[in-house]
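What follows is one structure encoded as structure tokens, with my remarks underneath.
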Amino acid sequence: MTIAVPSLVSTPTHCPYCGLQCAMNIARDSSATDQALTATVTGRSFPTNRGGLCQKGWTSAELLRNPNRLTAPLVRRDGELRPASWDTALDIVADGFAAAQAKGGRDAVAIFGGGGLTNEKAYQLGKFARVALRTSNIDYNGRFCMSSAAAAGGKAFGLDRGLPFPVADLGAARAILILGGNVAETMPPFVGHLATAADAGGLIVADPRRTATVERALAGGGVHLQLSPGTDLPLALGLLHLAVLDGRIDHNFVGARTEGFDDAWLAAAQWWPERTERVTGVPVSALRRTVEILWRAQQSDAGAYILTARGAEQHATGTDTVSAVINLALALGLPGRRGSGYGAITGQGNGQGGREHGQKADQLPGYRKITDPAARVHVAQVWGIDPAELPGPGKSAYELLESIGTPGGPSALMVHGANLAVSAPRAGHVVDRLSALDLLVVNDFLLSETAAMADVVLPVLQWAEEEGTMTSLEGRVLRRKAAVPAPEGPRSELEVLAGLARRLGQPAGRFGTDPEAVFEELRLASAGGVADYSGISYARLDEGAALHWPCPATPAGEPEHPGTPRLFLDRFETPSGRARFVAVEHRGPNEATDAEFPLVATTGRVIAHYQSGAQTRRIDELVRAAGGMFVQVHPDTAHRVGLVEGAQAAVVSRRGRTEATVRCDDSMRLDTVFLPFHFAGSGRANLLTNPALDPTSRMPEFKACAVRLETIRQSTSDAETIRQSTSETEAVA
């Protein structure tokens, strides 16, 4: 008898989830009939994760063998999604786009992208929208993630890169302030880089909740700034006030490398310590200790960093909030120096690269502005079109979603890598708008809640089946490698876009399908831009080069550019070379509490789930670990409305109602409730959230809305509710 011996093949790649982009190996039996069934994950030594992975990363191979994987296009007929051929599906989409534009003009078709797409797909999607469709209506879900930090970074430094230094630099610092980030749950391997600061008592976390990250800070003698949701801006103003009051300003740095301090100080001067405490709820002693910890670390060259994340940024004042935080960092002399600085923690897997190459409504590849005549000429030349053919800037993400299906708005929408029915603010209203479209097209590999609403669903490759590049939260460009053969049926989104472009009359060679060839074009399009990738190639990445943008091409015969792991060491990217203080004022959350809605709801993540949960809710181990939808609340607050631990509650805002299981936690603020946003159906946290937009970044106010709690009848168990929700979605097909 012959015994089959497994033929193991191991491929180095990166995790499909967050912006930390942890390195991993995917091993598979190349002799197996279905190699995905044999795929296993192992950690890989890399500067960001140092061989570690979180629970999501360890279980990521389960996605490759999900029994509900989409393998054939689905077309809605007689109200139901039914399998169809690729030619039929693409013909329907192209005909639908053409009909919409014939009736409503170029902008009658809209594109919505995602922060998890590879650089190649993000680039090609922007090109497809502006060349094949010539629509201005393209934006992406990264607008809901990094836009406020990006806008503030651009104002202050003249350039936005989430972390303008390698993550590993944090490991030597003895003082780190994190505003609105629970990295112990959202990206656990990141916490290892905080150990030196935490063990020295120098980890400071500003968060309304006592999160796992807060616990790590307190365990080492650090500080928890337990502020009221929506008060990060006055917190930063108050910290700057104390820095001035206590003589903790680096006057040499401010004088030599910045401009605009006086105006910023006039705004902060109004935020004396007692006023800051009254508005934020943070004691003056904790404020003063925070400034002292950061100052002493900076003065002793022990390293001090200030980081922001979504808790501080996802507000209608998010840009001003980050500007206030950057002002504090500048006053302390942190940015532009080795071993210290300011940075924003990017959430999505390619949240950085996804916004650099054309998915945002106002940007062209290389982080160029679409309104810049020189940028238009450069990109148009690469694309082989007249600059005049390029549309202007379109609507931001939520404004685009609000306009679809309305008179004069887009009547056709194509979605890539986003689950809008769960993840968008005011989700019930967004579902109504999606339902009003003449044509909804969704590209996905599982039937998400948004895909279940579509007229056409196009099955695409997933992370370990495709080649490409990603850009991590530190601006490092990484190779994503195909580690498992794709099943028959799904196609690369590059192939989808090429097929649609040909049907819309584009020359056959204009939209390539080979990822490396598309990247070569991206290099040309980005050359000379802020995010210059022209010196990066697949060959250099495959050889192991650590390349952070900007990385321009060099003339033949000269050494290749090494990339730029640390920005601003010599000058900032402003006309003067100086960083700019930006004077900002506190306006408070867009929606105030009152007698009818007396509590503030804030949203966030749990360790076992990612984003809308469209992927992680289909992995049994993660479902069991996370449980179902819950609302975290102080027991006294729950008691006032007759609720106890484990009871079923309704959380009600002016926009909708969410059902959740009560989790009592006496560390919670009495005025605050917390809801995770990973769940579907009646458990969607974003049925509540406020779509009020930041005037600069157009970021919705996810993190603060007025709500009340109500008692409802006990219902199905948490885990069973999740399974039923997922099963109902998949049964649509």
Side-chain angles (χ1 to χ4, degrees), residues 14 19-21 46-48 115 117-124 126 142 145-146 149-150 153-154 156-169 335-336 341-346 348-360 363-369 372 375 378-379 382 468-480 515-516 518-554 558-574:
H14 292 266
L20 194 58
Q21 284 295 283
F46 199 69
T48 53
L117 301 181
T118 63
N119 289 317
E120 292 79 2
K121 292 192 290 187
Y123 168 82
Q124 197 81 309
C145 179
M146 288 293 297
F157 308 128
L159 181 155
D160 155 52
R161 196 178 85 190
L163 296 185
F165 48 81
V167 173
D169 283 5
Y342 160 79
I345 302 170
T346 302
Q348 294 191 78
N350 201 28
Q352 183 70 55
R355 69 182 182 270
E356 294 167 359
H357 299 299
Q359 284 191 99
K360 282 184 74 176
Q363 287 180 191
L364 291 171
Y367 229 137
R368 290 178 160 91
K369 289 291 184 184
D372 178 1
H378 174 86
V379 174
V382 173
T469 60
M470 306 283 279
T471 304
S472 73
L473 79 173
E474 60 182 12
R476 177 169 173 166
V477 182
L478 307 168
R479 274 283 276 125
R480 172 175 282 184
E516 186 171 7
V518 173
F519 188 82
E520 288 298 306
E521 185 178 300
L522 180 158
R523 293 175 63 192
L524 295 175
S526 74
V530 172
D532 191 335
Y533 281 39
S534 61
I536 302 173
S537 66
Y538 275 32
R540 294 189 72 189
L541 295 175
D542 289 343
E543 289 166 1
L547 300 177
H548 301 70
W549 70 261
C551 183
T554 54
E558 292 189 11
E560 292 179 305
H561 194 283
T564 314
R566 296 171 187 86
L567 295 169
F568 315 137
L569 296 181
D570 300 316
R571 69 186 307 276
F572 296 96
E573 293 301 315
T574 60

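For Phe568, the ring-ring contact (aromatic ring centres under 6.0 Å, His included) test picks out Phe157, Phe572, with sequence neighbours left out. Every residue two or more places apart in sequence or in another chain that forms a side-chain hydrogen bond (donor to acceptor under 3.5 Å, both in side chains) with Glu521 is listed here: Tyr123, Lys127. Take Thr564 and apply the side-chain hydrogen bond (donor to acceptor under 3.5 Å, both in side chains) test, not counting sequence neighbours, and it matches no residue. Residues passing the side chain to side chain contact (heavy atoms under 4.5 Å, CB included) test with Cys145, sequence neighbours excluded: Arg310, Gln348. Residues meeting the salt bridge (Lys or Arg N to Asp or Glu O under 4.0 Å) test with Asp532, sequence neighbours left out: none. Applying the side-chain hydrogen bond (donor to acceptor under 3.5 Å, both in side chains) criterion to Ser526, with sequence neighbours excluded, gives no partner residue. Residues forming a side chain to side chain contact (heavy atoms under 4.5 Å, CB included) with Thr471 (at least two apart in sequence, or on another chain): Asn119, Asn350, Gln352, Glu356, Val477, Tyr533, Trp549. With sequence neighbours left out, Arg355 forms a salt bridge (Lys or Arg N to Asp or Glu O under 4.0 Å) with Asp160. Remark: His548 engages no residue in a ring-ring contact (aromatic ring centres under 6.0 Å, His included) (not counting sequence neighbours). Under the side-chain hydrogen bond (donor to acceptor under 3.5 Å, both in side chains) criterion, Asp542 pairs with Arg479, not counting sequence neighbours. Glu558 pairs by the side chain to side chain contact (heavy atoms under 4.5 Å, CB included) definition with Thr554, Pro555, not counting sequence neighbours. Applying the side chain to side chain contact (heavy atoms under 4.5 Å, CB included) criterion to Glu516, with sequence neighbours excluded, gives Asp514, Tyr538.
Atoms NZ and CD, from Lys121 and Gln359 in turn, are 10.0 Å apart once rounded to the nearest 0.5 Å. The CZ atom of Arg476 sits 12.0 Å away from atom SG of Cys551, with the distance rounded to the nearest 0.5 Å. From Leu159, atom CG reaches atom OG1 of Thr574 across 10.5 Å, with rounding to the nearest 0.5 Å.
Leu522 places none of its side-chain heavy atoms less than 4.5 Å from the side chain of Val518. At least one side-chain heavy atom of Val382 sits less than 4.5 Å from a side-chain heavy atom of His378. A heavy-atom distance below 4.5 Å is found between the side chains of Leu547 and Arg540. Within the 4.5 Å cutoff, the side chain of Thr469 has heavy atoms near those of the Glu120 side chain. Side-chain contact check for Glu474 versus Pro565: every heavy-atom pair is 4.5 Å or farther apart.
The two residues Ser472 and Leu478 have their closest heavy-atom pair at CB-CD1, 4.0 Å. The two atoms that bring His357 and Ala531 nearest to each other are CE1-O, 4.3 Å, heavy atoms only. The two residues Tyr367 and Ala150 make their nearest non-hydrogen contact at OH-CB, 3.8 Å. Residue Pro550 comes nearest to Val530 through the heavy atom pair CB-O, 3.9 Å, listed as atom of the first residue, atom of the second, then distance. In terms of heavy-atom proximity, Arg566 sits nearest to Pro166 at CG-CD, 3.7 Å. In terms of heavy-atom proximity, Gly343 sits nearest to Pro164 at CA-CD, 4.1 Å.
No side-chain donor-acceptor contact under 3.5 Å links Thr48 and Gln21.
A donor-acceptor distance shorter than 3.5 angstrom exists from the side chain of Ser534 to the backbone of Ala553, with no hydrogens or angles considered. Here the side chain of His561 pairs no donor or acceptor atom with the backbone of Ile536 at under 3.5 angstrom.
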